[in-house]
Amino acid sequence: MIHRPRARAFASALLSATILASTPAWAQESQSASPTAATPADPTEAPSQREGSSASDEIVVTGFRQSYANAIAAKRNEVAITDGISSDGLGRFPDLNVGEALQRVPGVQINREAEGRNATINLRGLPGEYSRLTLNGVAFAEPILTDAAPLGAFNSDIFSGIVVNKSPLANAQSGGLSGNVDLQIAPALGRKDGGFAKAAVEYNELGKLAAPAATIGYNYHLSDDFAVFGVLAYKRENFRRDSVLFNSYAAFSPAQAQANASRLGAYYAPSAACPSCTGSISTAGVLYDAQHRQYSRRNKGDLYTGAAGMEWRFSEGAKFGVTGFYSDRKLPKTAQYLLITSNNASSVLQANSDPIALSDGRYVVDDFNFSNADIVSSSRSYSQHQKTWGVNANLNWENDDWRFDAIGTISRASNSSVEIGLDFNTLQTAAGNGVTGTIRTGSGNIEDYSQTLAPAPVVTVTGISTGVWGGTAAPAAFFDNADPALRRNRFNFQGTQAFARTRLYAGQFDLERKFDGPLSGIQIGARYESNKYTAEGYRIMAYGIPIQNVTSDFLMPAPFASNFFGGNGGSPTENWQIIDLERAISALRPVTAFPNATLSPSGYNIHYANNAYQLENFTNQTDLKIAYGQLKYEIELGGVTIRGNAGLRYEHATNTIDALARVTLTNVIGSPSDFRTQTFKQNYDKLLPSFIAVADITDNFVVRAAAYRTYVRPQPRQFSPSTLVSTPVNGVYTVTLGNPDLKPYDSTSFDISAEWYNRPNSLIALAAYQKRITGLIATISDPRELCPADATALGLGTLTVNGDRCESSLTYTQGGITQPYLVAASGFMNQTNPITVRGVEFNVQQSLDFLPGALRNLGGGFNYAYTTISGKTLTGARATLPGVSKHNFNVIGYYETKDYGLRLVYNLRSKYDLASTASFTGAARQVRTRGQLDLSASYNINSALSLSFDAYNLTNAIRVEYENQPNLPRRADYDGRTYTATLRANF
């Protein structure tokens with residue numbers, strides 16, 4: 001119970017919290033030390049205290065205040081330019097996951113487009129795969145499937161701190177072009193004896209979904225020189241995301257324009273199909289939302305994470321330690337539900353609004369009626385499994401003159417995504433299929449969005465149980481009729497199933513000789529590291545499933561349709577049927593194998609002719625031999641101490657890729673015998689110089705300047721030895737553009753920072769950086785490559801761009817309607833033009849303990865990051881990098897006493913570009929500016945028990961994508977608010 005005087009002071013303090021704090025990292029004691037020397041704060045350690053003017057005026061340094069104070073102290077003592085976060089006095093990161101916590105760091109941006117709270121991040125203007133993830137300063141096997149390692153695969157309870165090293169020097173792990181993100185687990189001897197246990201529950205407003213969590217840990221010194229620790233954490237994951245996708249835009253055909261001549265005639269040239277058209281405003285046509293999706297993803301599973309270790313001081317200055325970690329994230333019941341409405345030249349369209357002019361000269365209608373639409377109810381079992389473990393054994397010895405460190409690492413990781421997709425499809429017909437409806441996009445205002453569909457239900461199972469397999473031309477399909485002209489219903493059974501395993505062995509040593517004088521030390525080291533990435537993957541098809549078992553109870557009304565988007569997404573249709581996945585998948589077994597083929601591990605026939613088999617089955621191994629040297633110095637110039645080091649790192653890499661090459665095609669569907677293994681091998685050497693100077697201008701003012709080179713090796717799945725064209729699936733050819741000469745890319749970086757530690761536990765800092773990147777690996781975005789006019793060499797005929805779709809001159813017939821095949825092309829390449837990333841980071845953190853009375857419990861701060869990208873693409877367009885905002889803000893304020901604390905955090909990131917995900921991948925996309933307010937509160941019941949409450953996204957922010965300008969929307973995502981209550985006990 002809060003007494004009235006205290007409550008009044010508390011309210012007054014909150015209103016006065018106008019200076020707010022950032023969250024720099026709990027860093028290693030020194031960049032010059034071995035990576036194994038990290039000593040983050042112990043979550044179970046009793047809060048430290050700082051004496052005030054008297055015992056009654058004492059300020060308690062605990063909770064939020066302690067975590068910020070720890071971070072400032074670490075940043076102050078570091079040689080390199082770092083930032084980061086540390087766990088609070090309750091032994092936690094008060095955020096949903098590691099990625100959410102890291103976004104509080106200047107220069108870090110979280111990617112919310114990553115579904116399933118995978119929590120990938122961008123660092124200093126570069127996407128997440130351009131940074132290096134380490135554990136206690138050394139590499140480990142990351143659970144990578146496609147892009148960067150998902151930070152959501154870890155429970156943050158096992159970590160004591162997370163350091164973002166923004167200027168990695170010669171002794172740091174290579175591969176972090178934007179920096180290294182170091183997950184830190186405190187060693188055993190540095191921990192205070194005792195244990196803790198906590199229980200928590202998470203509640204998600206969207207879907208009213210709850211999930212428990214629990215953690216237990218204990219540290220014990222068997223003697224002054226031998227200690228052990230262990231932490232085990234469990235978390236249930238049970239949350240939902242709802243999305244509206246304006247997936248593809250196409251132009252009204254001339255015939256459709258004729259039917260809407262009063263609204264559209266001025267935008268089309270006169271023709272036989274549109275004699276009423278005048279072309280008085282434009283002749284480029286008018287766009288409409290040609291493929292529309294309502295989408296809901298349910299994520300359900302468990303996360304188990306643990307860490308344990310021992311440390312033995314076997315003589316004065318000598319220690320041996322072992323630290324291990326394990327994380328296993330299983331989401332076997334993750335499911336995706338989509339309602340897909342598609343219209344084309346065979347639809348009857350009625351424009352309900354006048355065309356809206358877009359900035360690029362195009363026009364779009366945002367409200368229209370339709371009939372004869374193609375409707376798909378797609379439900380997908382989407383099991384996800386991310387797992388990693390590692391063991392570091394380290395030996396440290398040090399005296400007044402020498403230091404020696406050695407570490408060995410064994411680590412394994414895996415990541416899998418197993419999709420089983422089932423679709424019921426009401427097909428278009430030449431005479432009309434009876435489906436009618438309306439779509440209003442809202443022109444970027446999701447509250448004005450609406451969709452109607454009739455009849456109800458809009459999809460059925462009619463004719464499927466007695467239907468016919470689509471054959472080699474449509475291997476994922478069963479149709480209700482063998483005659484294409486008479487088909488009304490289609491059932492698809494398909495899915496992409498991908499698996500990856502990573503293995504890492506590494507060993508290294510560091511040796512330093514210390515001196516008195518300007519040359520303060522010489523440090524050398526060597527490292528061997530072997531990384532092997534093994535990928536498996538394929539597409540499954542419908543052949544052999546017992547189609548006679550399909551019954552009407554496969555379909556049911558979507559239980560979430562009435563509260564889709566939490567009621568915040570306009571007027572979505574509730575005429576939405578989904579598939580009972582457990583019922584349907586169990587009924588569609590056992591599966592008969594295709595002639596002369598075997599079933600996949602998941603029990604289905606593999607479509608070997610699909611590109612996925614050739615692309616997703618390979619091994620990629622890189623062996624590194626590394627040596628480095630550093631000269632450390634400390635000099636006096638004009639009364640100013642200048643310290644730092646100059647270093648050179650040499651890396652020799654041998655990269656071997658074993659990939660598949662198709663030599664024949666069996667039965668159109670293909671078989672494993674169609675492929676032969678081909679080996680690609682390359683060696684490269686890198687010399688990576690680095691230099692840093694730290695000037696202690698005064699006791700409280702520090703200036704750092706750094707220059708260094710680094711490089712990044714290609715992600716394993718970015719490599720494709722040759723251009724591949726798959727057999728068409730659902731009317732779409734998938735093309736993967738070859739890049740047999742894909743190389744690592746390099747960066748030359750310059751950093752400078754000024755840090756004023758203006759009072760205890762406070763900081764004002766300004767940093768600037770520049771990175772010039774050559775050979776950057778980027779997705780191909782040139783329309784001339786993605787949709788070339790002449791694709792006859794690929795067997796695709798001639799190609800044209802229609803809206804954001806690439807259409808082939810090749811056609812197919814379905815439901816008596818002839819339609820063009822679509823082409824979806826993608827690929828990676830080294831850009832020949834360099835790009836330059838520049839940025840500024842401003843960071844203020846203040847403890848206001850100098851204020852009188854209750855106001856002295858205030859603290860807070862503000863950080864801001866500004867990022868620009870300059871350079872040109874091959875087409876002469878301005879260079880961009882996906883996922884990078886020009887502006888990123890964090891505003892943080894807290895009020896904390898020895899009994900309770902409250903923290904508010906507001907994060908805002910400005911609009912940013914995305915790599916396109918449309919059918920024609922040349923369509924540019926941006927994400928709208930988004931802000932989010934989070935709250936954390938804690939109450940100490942007594943010295944052993946504490947209660948905390950966290951609330952995320954109190955602003956109920958929605959993530960919105962658009963194409964070039966906001967009134968051409970492409971996607972809106974809704975996660976809703978999330979709350980967590982936690983009870984913690986120390987013992």
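Keep in mind that what you see is a predicted model, and the values were worked out from it rather than measured.
Every residue two or more places apart in sequence or in another chain was checked for a side chain to side chain donor-acceptor pair (under 3.5 Å) with T929, and none qualifies. With sequence neighbours excluded, no residue satisfies side chain to side chain donor-acceptor pair (under 3.5 Å) with N489. Residues satisfying the salt bridge (charged side-chain N to carboxylate O under 4.0 Å, His left out) criterion with R583, sequence neighbours excluded, are D553. The salt bridge (charged side-chain N to carboxylate O under 4.0 Å, His left out) search around R298 returns none, not counting sequence neighbours. With sequence neighbours left out, the side chain to side chain donor-acceptor pair (under 3.5 Å) criterion links T978 to R117, N204. With sequence neighbours excluded, the residues that form a side-chain contact (heavy atoms from CB on, under 4.5 Å) with S371 are V348, T436.
Interatomic distance, N888 CG to T867 OG1, rounded to the nearest 0.5 Å: 8.0 Å. Within the model, atoms OH of Y538 and OG1 of T496 stand 11.0 Å from one another, a figure rounded to the nearest 0.5 Å. Here CG of L427 is found 6.0 Å from CG of D374. Values are rounded to the nearest 0.5 Å. Atom CD of Q291 and atom CG of N344 lie 10.5 Å apart (nearest 0.5 Å). With rounding to the nearest 0.5 angstrom, the CZ atom of F368 is 4.0 Å from the CD1 atom of I439. Rounding to the nearest 0.5 angstrom, the gap separating the CD1 atom in I420 from the OG atom in S379 is 12.5 Å.
Checked by atom type and distance alone, the side chain of N610 pairs as donor or acceptor with a backbone atom of A612 at under 3.5 Å. In this structure a side-chain-to-backbone donor-acceptor pair under 3.5 Å is missing from S383 to V418. Between the Q926 side chain and the N964 main chain, a donor and an acceptor come within less than 3.5 Å of each other. Counting only distance, with no hydrogens or angles, the side chain of D242 and the backbone of F565 share a donor-acceptor pair below 3.5 Å. Judged by distance alone, with hydrogens and angles left aside, the side-chain atoms of S296 form no donor-acceptor pair with the main-chain N or O of Y337 at under 3.5 Å. At least one donor-acceptor pair under 3.5 Å links the side chain of Q109 to the backbone N or O of S885. Judged by distance alone, with hydrogens and angles left aside, the side-chain atoms of N415 form a donor-acceptor pair with the main-chain N or O of P143 at under 3.5 Å. In this structure, N575 contributes its side chain and L453 its backbone to a donor-acceptor pair below 3.5 Å.
With ring centers used as reference points, F370 lies 6.0 Å or more from Y288.
With no hydrogens or angles considered, no side-chain donor-acceptor pair links R240 and Y974 at under 3.5 Å. Using modelled atom types, one finds no donor on one side chain facing an acceptor on the other under 3.5 Å when comparing R909 with N907. Between the side chains of Q294 and Y449, a donor-acceptor pair is found at a separation under 3.5 Å. For Q965 and S359, the side-chain atoms include at least one donor-acceptor pair closer than 3.5 Å. Looking at N372 and S347, their side chains never bring a donor and an acceptor atom within 3.5 Å of each other. A donor atom on one side chain and an acceptor atom on the other are not found under 3.5 Å apart for R241 and S243. Between T388 and E142, the side chains place no donor N or O within less than 3.5 Å of an acceptor N or O (distance only, hydrogens not considered).
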Next on the checklist: Working note: H385 + F499, criterion side chain to side chain contact (heavy atoms under 4.5 Å, CB included); need CA distance, chi angles, decisive distance, verdict.
Outcome noted: CA-CA 9 Å; H385 189 187; F499 310 84; over 6 Å; no
Checklist entry - Would R539 and Q494 count as a side chain to side chain contact (heavy atoms under 4.5 Å, CB included) if you check the C-alpha gap in whole Å, the side-chain angles of each, and the deciding distance to 0.1 Å? => result CA-CA 7 Å; R539 290 277 296 178; Q494 59 197 348; 3.3 Å; yes
Checklist entry - Would K330 and D302 satisfy salt bridge (charged side-chain N to carboxylate O under 4.0 Å, His left out), going step by step from the backbone distance to the final call? => result CA-CA 5 Å; K330 298 179 181 179; D302 303 285; over 6 Å; no
Checklist entry - Can you list the steps and then say if L102 with I110 is a side chain to side chain contact (heavy atoms under 4.5 Å, CB included)? => result CA-CA 8 Å; L102 273 172; I110 190 170; over 6 Å; no
Checklist entry - How far apart are the C-alpha atoms of F246 and L968, what are their side-chain angles, what is the distance that settles it, and do they pass the side chain to side chain contact (heavy atoms under 4.5 Å, CB included) test? => result CA-CA 9 Å; F246 310 91; L968 191 64; over 6 Å; no
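The heavy-atom pair separating A250 from R805 by the smallest distance is CB-NH2, 3.9 Å. Between N247 and D289, the closest heavy-atom pair is N-OD1, 4.1 Å. Nearest heavy-atom pair, N238 versus L209, reported as atom, atom and distance to 0.1 Å: O-CB, 3.4 Å. Smallest separation of non-hydrogen atoms from I446 and N568: CG2-O, 3.9 Å. When all heavy atoms are compared, the tightest approach of A153 to L303 is O-CD1, 3.5 Å. For the pair N433 and A373, the tightest heavy-atom approach, listed with the atom from each and the gap, is ND2-O, 2.7 Å.
Checking each of H292, E961, R293 against L245 for a side chain to side chain contact (heavy atoms under 4.5 Å, CB included) leaves exactly one that passes, namely R293. Under the side-chain hydrogen bond (donor to acceptor under 3.5 Å, both in side chains) test applied with S353, the options D366, T441, D367 reduce to a single match, D366. Checked against F493 for a ring-ring contact (aromatic ring centres under 6.0 Å, His included), the options F478, F424, Y604, F554 give a single hit: Y604.
When side chains are defined from C-beta on, V461 does not count as touching T551, because their heavy atoms never get closer than 4.5 Å.
In this pair, Y979 and Y203 present their aromatic rings parallel. The plane angle is below 30°, not in the 30 to 60° band. F889 and H887 have parallel rings, their planes meeting at less than 30° on a 0 to 90° scale where 60° marks the start of perpendicular. A perpendicular orientation is assigned to the rings of W576 and F560, their planes being inclined by more than 60° (bins at 30° and 60°).
The pair K235-D157 fails the salt-bridge criterion, with no side-chain N (NZ, NE, NH1 or NH2) lying under 4.0 Å from an Asp/Glu carboxylate O.
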